[in-house]
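Heads up: the structure comes next, in structure tokens.
Heavy atoms only: backbone and side chains are in, while hydrogens, waters and symmetry mates are out. The first residue in the sequence is number 1, and the count goes up from there.
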Amino acid sequence: MTDVNPKDHPTGNAEKDPDDWTTGDEPMTGAQASYLKTLSEEAGEDFDESLTKADASKRIDALQVKTGRGVD
């Protein structure tokens, strides 16, 4: 057995395709809705409150690029 500490690489598997999420078809979380509403307003786009977790994540990614918030 190796002594692998997941805290040494906390983002190792944090980036998972939303289409592969086991809970991706559930309604978006409150945090997602809040952030998505903010991004939608900044981008001048409609906010869709009916998105799933996975779709909200993809929409957040797209709006981050459009608004410049996703740029490191």
Polar side-chain atom of [X] near backbone of [Y] as donor-acceptor pair, under 3.5 Å:
X	Y	answer
Trp21	Lys53	no
Thr23	Glu26	no
Ser40	Leu36	yes

From Glu45 CD over to Thr67 OG1, what is the distance, rounded to the nearest 0.5 angstrom?
10.0 Å
What distance separates Leu39 CG from Gln32 CD, expressed to the nearest 0.5 Å?
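Reported to 0.5 Å precision, the distance equals 11.5 Å.
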Under the side-chain contact (heavy atoms from CB on, under 4.5 Å) criterion, do Phe47 and Arg59 qualify, and how do the steps go?
CA-CA 10 Å; Phe47 168 69; Arg59 185 77 178 130; over 6 Å; no
Flag the pair Glu42 and Lys37 as a salt bridge only when some basic side-chain nitrogen lies within less than 4.0 angstrom of an acidic carboxylate oxygen.
no
For Glu49, look at atom CD and say whether over 12 heavy atoms of other residues, nucleotides or ligands are found less than 6.0 Å away.
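No, not enclosed.
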Please report the shortest heavy-atom distance between Pro18 and Ser57, naming the atom on each side.
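Heavy atoms of Pro18 and Ser57 come nearest at CG-OG, 3.8 Å.
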Which heavy-atom pair separates Leu63 from Ala43 by the least distance, and what is that distance?
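Scanning both residues, the minimum pair turns out to be CD2-CB, 3.8 Å.
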Asp19: what forms a side chain to side chain contact (heavy atoms under 4.5 Å, CB included) with it, not counting sequence neighbours?
Asp17, Lys58
Run the numbers on Arg69 and Tyr35 for side-chain contact (heavy atoms from CB on, under 4.5 Å), then give the verdict.
CA-CA 11 Å; Arg69 282 186 173 238; Tyr35 188 44; 3.6 Å; yes
